[in-house]
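Working notes for the structure below.
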Amino acid sequence: MIRSVVRGIGSSLPRRIMKNAEFEKLVDTTDEWIVQRTGIRQRHIASEDETTASLGEAAARRALDDAGLTPDDIDMIILATSTPNNTFPATAVEIQERLGMRHGYAFDMQAVCSGFVYAITTADLYLRGGQARRMLVIGSETFSRILDWNDRTTCVLFGDGAGAVVVEAAEGEGGLADRGILAASLRSDGTQRDKLYVDGGPSTTCTVGHLRMQGREVFKHAVGMITDVVEDVFAKAGITADDIDWFVPHQANKRIIDASAKKLGIADEKVVITVDLHGNTSAASVPLALTAGVERGQIKKGDLVLLEAMGGGFTWGAVLVRW
Ligand code: UT7
């Protein structure tokens, strides 16, 4: 059977690093509060010349280099983002153009922080359905552009960045030993959309709007939603938490990550953490953490890797990959 195998990975972060202490001059907060409540110590913030498209392109080029491929070898791009360069066309086609691709097709996918998990699950279906042979799946965000910089309850939490993978169709045996995507579970619930949303848009306010979040409410639901989809993936694959080599969760809050890992029975030393360095980068968070896990020498070929994310919508999902 066809398996969707990750062949290359890369990331890109804006030049400017903003430490927690800088927020002490902007809003009524402290480095201590931010570290204790979230685990975040710093985040990268895009300068004027850095956009979702430019960061996504840089991450894509690194993933292609890592795979030993060029844009000519790619026939499809999915970009997960909630902060596109423009309302339309899709930022994915701008990345396609920046990469010099005049073939294939590209589109954006919008599932907020779950965007990358949705996109890689979609990529798997396209590859297994024979609609593409080799794809770029990118998560890229510039959330700094939609933050209310006077709102201490949200502005300290988010950052900018991008991560990308090259995924290609390969023959597998159909078992757990295959490399590639082995199982996935996606969910959404629109009744919860007022808990985390942007208060503007082309069809309502004709503005871009700002991110609004009832943080405590999101926190309350997060661990339950995450563990539900992960347990679904475990059941689909016929495995338990002990079989996992690496857990790469969405990086929103260290306390949510710790509580999810504990509830699932995943040991701390198997969890990849980047929230301290990047903050919450929404759809970029999982591929940024994956890249860090590979570059740190944690994730190696053949490892069983569990990805998970949850965010606005609500949307949530988990994916199991043999690296
Ligand atoms: O990626 C999408 C998913 N998003 C998330 O996963 C975010 C989920 N939520 C969270 O991570 C947490 O709820 C937060 C980090 C947003 C907040 O942590 P919390 O422990 O839930 O704090 P809280 O909202 O209950 O607020 C506690 C206090 C409040 O003051 P009072 O009402 O107790 O007087 C807040 O006003 O902390 C106050 N507060 C702050 N204080 C200093 C809120 N933000 C700040 C701040 N600095 N930046």
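The figures here come from the full heavy-atom set of this structure, side chains too, leaving out hydrogens, waters and symmetry mates. Order of appearance sets the numbers: ligands from 1, and atoms from 1 within every ligand. Along the sequence shown, residues carry numbers from 1.
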What's the shortest distance from [atom] to any protein heavy atom, and which residue and atom give it?
atom	value
atom 19 (P) of ligand 1	R37 NH1, 3.8 Å
atom 29 (C) of ligand 1	R216 NH2, 4.5 Å
atom 2 (C) of ligand 1	C113 SG, 3.4 Å
atom 38 (C) of ligand 1	R152 NH2, 3.6 Å
atom 44 (N) of ligand 1	W33 CH2, 3.3 Å
atom 1 (O) of ligand 1	N280 ND2, 2.6 Å
atom 9 (N) of ligand 1	G215 O, 3.0 Å
atom 18 (O) of ligand 1	R255 NH1, 3.8 Å

**Request:** Identify whether the distance between the nearest side-chain nitrogen and carboxylate oxygen of R212 and D148 falls below 4.0 Å.
**Result:**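 Salt bridge: yes.
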**Request:** Could you tell me whether K236 and D232 have a side-chain N and a carboxylate O separated by less than 4.0 Å?
**Result:**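 Judged by the 4.0 Å cut-off on N to carboxylate O distance, K236 and D232 do form a salt bridge.
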**Prompt:** Is atom CZ of R98 surrounded by more than 12 heavy atoms (other residues, nucleotides or ligands) closer than 6.0 Å?
**Reply:**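 Atom CZ in R98 is crowded, with more than 12 foreign heavy atoms closer than 6.0 Å.
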**Request:** Using a distance threshold of 4.0 Å (strictly less than), state whether atom 6 (O) of ligand 1 has a protein heavy-atom neighbour.
**Result:**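 Neighbour list for atom 6 (O) of ligand 1 includes protein heavy atoms (cut-off 4.0 Å).
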**Within-cutoff protein neighbour (heavy atom, under 4.0 Å) for atom 22 (O) of ligand 1** =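 So atom 22 (O) of ligand 1 has protein heavy-atom neighbours under 4.0 Å.
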Atoms of ligand 1 close to [X] [distance to a heavy atom under 4.0 angstrom, numbered from 1]:
X	value
F219	8 (C), 9 (N), 10 (C), 11 (O), 12 (C), 13 (O)
T29	42 (C), 46 (C), 47 (N), 48 (N)
M213	4 (N), 7 (C)
T153	43 (C), 44 (N)
I256	6 (O), 8 (C)
N253	10 (C), 11 (O), 12 (C), 15 (C)
A252	1 (O), 5 (C), 6 (O)

**Prompt:** Are Y118 and Y197 in one and the same hydrophobic cluster, where Ile, Leu, Val, Met, Phe, Trp and Tyr link if side-chain heavy atoms are under 4.5 Å apart?
**Reply:**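 Different clusters.
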**Message:** Quick check on the hydrophobic clustering: are L307 and I256 connected, directly or via other members, by side-chain heavy-atom contacts under 4.5 Å?
**Reply:**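 L307 and I256: separate clusters.
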**Asked** Would you say the side-chain atoms of S47 pair up with the backbone N or O of D49, donor to acceptor, closer than 3.5 Å?
**Response**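 The answer is no, because no donor-acceptor pair under 3.5 Å joins these two groups.
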**Any donor-acceptor pair under 3.5 Å from T38 side chain to I34 backbone** =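 Looks like yes, one N/O pair under 3.5 Å.
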**Asked** Is any N or O atom of T38, backbone or side chain, closer than 3.5 Å to an N or O atom of ligand 1?
**Response**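 No, there is no polar N/O contact under 3.5 Å.
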**Request:** May I ask you to check whether T30 has an N/O atom sitting below 3.5 Å from an N/O atom of ligand 1?
**Result:**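 Between T30 and ligand 1, no N or O pair is found under 3.5 Å apart.
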**Message:** Tell me the contacting part of L196 for ligand 1: side chain, backbone, both, or neither, using a 4.0 Å heavy-atom threshold, strictly below.
**Reply:**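 Near ligand 1, L196 shows its side chain, while the N, CA, C and O stay back.
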**Prompt:** For ligand 1, which part of D28 has a heavy atom less than 4.0 Å away: the side chain, the backbone, both, or neither?
**Reply:**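 The backbone, only.
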**Prompt:** Does the side chain of D303 come under 3.5 Å of the side chain of W323 through a donor N or O and an acceptor N or O?
**Reply:**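 There is no such pair (donor and acceptor under 3.5 Å, judged by atom type) between the side chains of D303 and W323.
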**Item:** With N20, the side-chain hydrogen bond (donor to acceptor under 3.5 Å, both in side chains) member among Q42, R43, R41
**Value:**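 Passing option: R43.
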**Request:** Quick one: do S144 and T142 satisfy side-chain hydrogen bond (donor to acceptor under 3.5 Å, both in side chains)? Show the steps, please.
**Result:** CA-CA 5 Å; S144 62; T142 44; 5.9 Å; no
**Request:** Classify the angle between the aromatic ring planes of H278 and H44 as parallel (below 30°), tilted (30 to 60°) or perpendicular (above 60°).
**Result:**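 Answer is perpendicular, since the angle exceeds 60°.
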**Message:** side-chain hydrogen bond (donor to acceptor under 3.5 Å, both in side chains), that's the test. Do T81 and D108 meet it? Break it down for me.
**Reply:** CA-CA 7 Å; T81 190; D108 288 359; over 6 Å; no
**Message:** Does the residue T154 have a heavy-atom contact with ligand 1, meaning some pair of atoms that are separated by less than 4.0 Å?
**Reply:**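 Contact check T154 vs ligand 1: negative.
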**Item:** Candidate list T83, T87, I146, test side-chain contact (heavy atoms from CB on, under 4.5 Å), partner V208, passing option
**Value:**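 The side-chain contact (heavy atoms from CB on, under 4.5 Å) with V208 is passed solely by I146 among T83, T87, I146.
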